[in-house]
Number of protein chains: 2
Amino acid sequence: MTPDDDRHLVELVRSAGLRVTAPRLAVLRALRQRPHADTETVVRAARVAIGSISSQAVYNVLAAFVAAGLVRRIEPMGSVALYELRVGDNHHHVVCRTCGAVGDVDCAVGRRPCLTPSDAHGFVVDEAEVTYWGVCPSCQAAAAPAGSARRPRSAPSRPDDPRSGRAAGRAVREVER
Amino acid sequence: MTPDDDRHLVELVRSAGLRVTAPRLAVLRALRQRPHADTETVVRAARVAIGSISSQAVYNVLAAFVAAGLVRRIEPMGSVALYELRVGDNHHHVVCRTCGAVGDVDCAVGRRPCLTPSDAHGFVVDEAEVTYWGVCPSCQAAAAPAGSARRPRSAPSRPDDPRSGRAAGRAVREVER
DNA sequence: CAATAATCTTGATTGACTCTATTTACTGAA
DNA sequence: TTCAGTAAATAGAGTCAATCAAGATTATTG
């Protein structure tokens with residue numbers, strides 16, 4: 001949020017051939033604070049930052065950024081779309097089955113197209129998207145023998161397993177890098 | 001659709017501890033014909049097969065099958081949920097950026113958890129889900145120098161790239177194994 | 001500073017999916 | 001074979017992320 005950062009963000013937007021507006025800068029700042037934010041989260045953060053912005057504008061801005069390659073959109077199943085600033089390195093994600101927490105994972109094998117399918121049916125493959133599913137540290141703690149640790153808001157076992165349908169509007173937690 | 005097949009499907013449903021009903025068998029048959037079908041496709045196929053079924057019933061049946069492990073649900077970004085009968089081998093998928101065609105890809109490295117993230121942030125990972133993105137053979141042909149091949153219904157370039165938002169209700173094409 | 005497009009706002013609309021209540025019918029036991 | 005008991009199907013309203021459309025603003029460029 002320092003002038004320096006702003007200058008950098010302004011430059012980023014401009015270099016993508018897009019006009020620099022308050023809503024756009026606010027969206028970028030929101031994504032910098034929350035590396036895997038859904039639209040609603042960005043809307044709230046942007047409103048705190050610049051007072052007022054329509055959620056439609058946020059949808060527009062995010063779509064424009066994604067089209068320009070400034071922002072990457074991911075969609076872990078059972079979750080609404082999430083947006084992240086880290087682009088260009090084709091990294092992957094770990095998602096917690098219990099609470100939905102998302103973390104970044106570096107590409108395992110070298111650079112983009114880090115994997116080659118055994119038989120691609122003649123497809124020309126240009127990207128391998130990997131999502132690791134598991135349980136995050138704090139949910140592991142919560143599931144451990146009672147009385148040993150603080151627990152996140154959801155119960156043990158897997159009431160929300162995304163494999164069984166759409167997630168119940170759960171908040172996206174972040175995992176520190 | 002032969003009696004033999006039916007017997008097998010009946011057994012499949014029953015072995016999952018579920019009651020055997022016409023809608024359920026119809027859903028299984030639909031999925032056998034269309035290995036990566038969305039709900040609407042299943043509904044249509046089932047209606048052809050048994051005359052009448054509510055789409056709600058199809059949602060219920062699919063959810064029950066997924067919960068029972070008889071069916072796997074996938075959600076390539078930009079697509080609605082797709083369902084497939086092939087379960088238990090943690091195979092992956094190739095998706096065409098142009099037309100949305102989906103194909104199966106065998107797990108590249110050994111069996112389930114075929115990949116290990118470099119740094120999982122303390123997550124206990126139990127599954128690695130991989131989606132390959134590219135262009136299918138027929139869309140490649142369509143994009144080739146004019147006059148050389150038949151083309152699918154969508155134009156060249158990438159009007160529907162899922163990375164730019166929700167897909168415009170496009171039909172899911174199948175890719176032969 | 002004016003011209004012109006891009007961007008933002010407002011408000012309606014879509015469409016996949018969910019929820020609840022009620023009816024139907026599969027299954028095991030009498 | 002008949003009869004609960006209960007899983008499953010139907011009907012219909014409701015949810016919510018995301019999209020569309022039209023008019024009002026505003027960032028750029030000369």
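Quick note on labels: first sequence line is chain A, next is B, and so on, each numbered from 1.
For H93(B), the ring-ring contact (aromatic ring centres under 6.0 Å, His included) partners two or more places apart in sequence, or in a different chain, are H36(B), H91(B). Contacts of T39(A) classified as side chain to side chain contact (heavy atoms under 4.5 Å, CB included), with partners at least two apart in sequence or in another chain: V43(A), V58(A), Y59(A), L62(A), Y83(A). Remark: A45(B) engages A30(B) in a side chain to side chain contact (heavy atoms under 4.5 Å, CB included) (not counting sequence neighbours).
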*What's the verdict on side chain to side chain contact (heavy atoms under 4.5 Å, CB included) for R72(B) and V66(B), showing C-alpha distance, side-chain angles and the deciding distance?*
CA-CA 6 Å; R72(B) 181 166 159 204; V66(B) 169; over 6 Å; no
*Take L70(A) and V87(A) through the test side chain to side chain contact (heavy atoms under 4.5 Å, CB included) and record every step on the way to the result.*
CA-CA 7 Å; L70(A) 262 48; V87(A) 294; over 6 Å; no
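Rounded to an integer number of Å, the gap from CD1 of I50(B) to P of dA25(C) is 12 Å. One atom, CG of L25(B), and another, C1' of dA25(C), lie 14 Å apart when rounded to the nearest Å. The interatomic distance linking L28(A) (CG) with dT7(C) (P) rounds to 13 Å, in whole Å. In this structure, CZ of R73(A) is placed 6 Å from P of dT19(D), rounded to the nearest angstrom. For the pair E75(A) CD and dA16(C) P, the computed distance is 14 Å after rounding to whole Å. Atom OH of Y59(B) is separated from atom C1' of dT20(C) by 17 Å (rounded to the nearest Å). Residue F65(A) contributes atom CZ, which lies 16 Å from atom P of dA6(C) at whole-angstrom precision. Rounded to whole angstrom, the span from the CD atom of E40(A) across to the P atom of dA18(D) amounts to 10 Å.
Overall, the helix from dC1(C)-dG30(D) to dA30(C)-dT1(D) carries an axis bend of 40° between its ends, with five pairs at each end and the value rounded to 10°.
Remark: T39(B) is in phosphate contact with dC17(C), judged by side-chain N or O atoms under 4.0 Å from OP1 or OP2.
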Please set out all donor-acceptor pairs under 3.5 angstrom arising from side-chain atoms of residues 15-23 of chain B, sequence neighbours excluded.
from, atom 1, to, atom 2, distance (Å)
S15(B), OG, E11(B), O, 3.2
S15(B), OG, L12(B), O, 2.8
T21(B), OG1, R24(B), N, 3.4

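Under the 4.0 Å criterion applied to side-chain N and carboxylate O atoms, E84(A) and R73(A) are not assigned as salt-bridge partners.
Between A81(B) and V20(B), the residue whose closest nucleotide on DNA chain C is further toward the 5' end is A81(B).
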*Using a 4.0 Å cut-off on protein heavy atoms (strictly under), produce a 5'-to-3' string for nucleotides 1-11 of chain D with B for base contact, S for backbone-only sugar-phosphate contact, and - for none.*
----BBBSSBB
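Between the side chain of Q140(A) and the backbone N or O of V135(A), at least one donor-acceptor pair lies under 3.5 Å. Side-chain atoms of R47(A) come within 3.5 Å of backbone atoms of I53(A) as a donor-acceptor pair (strictly under, hydrogens ignored).
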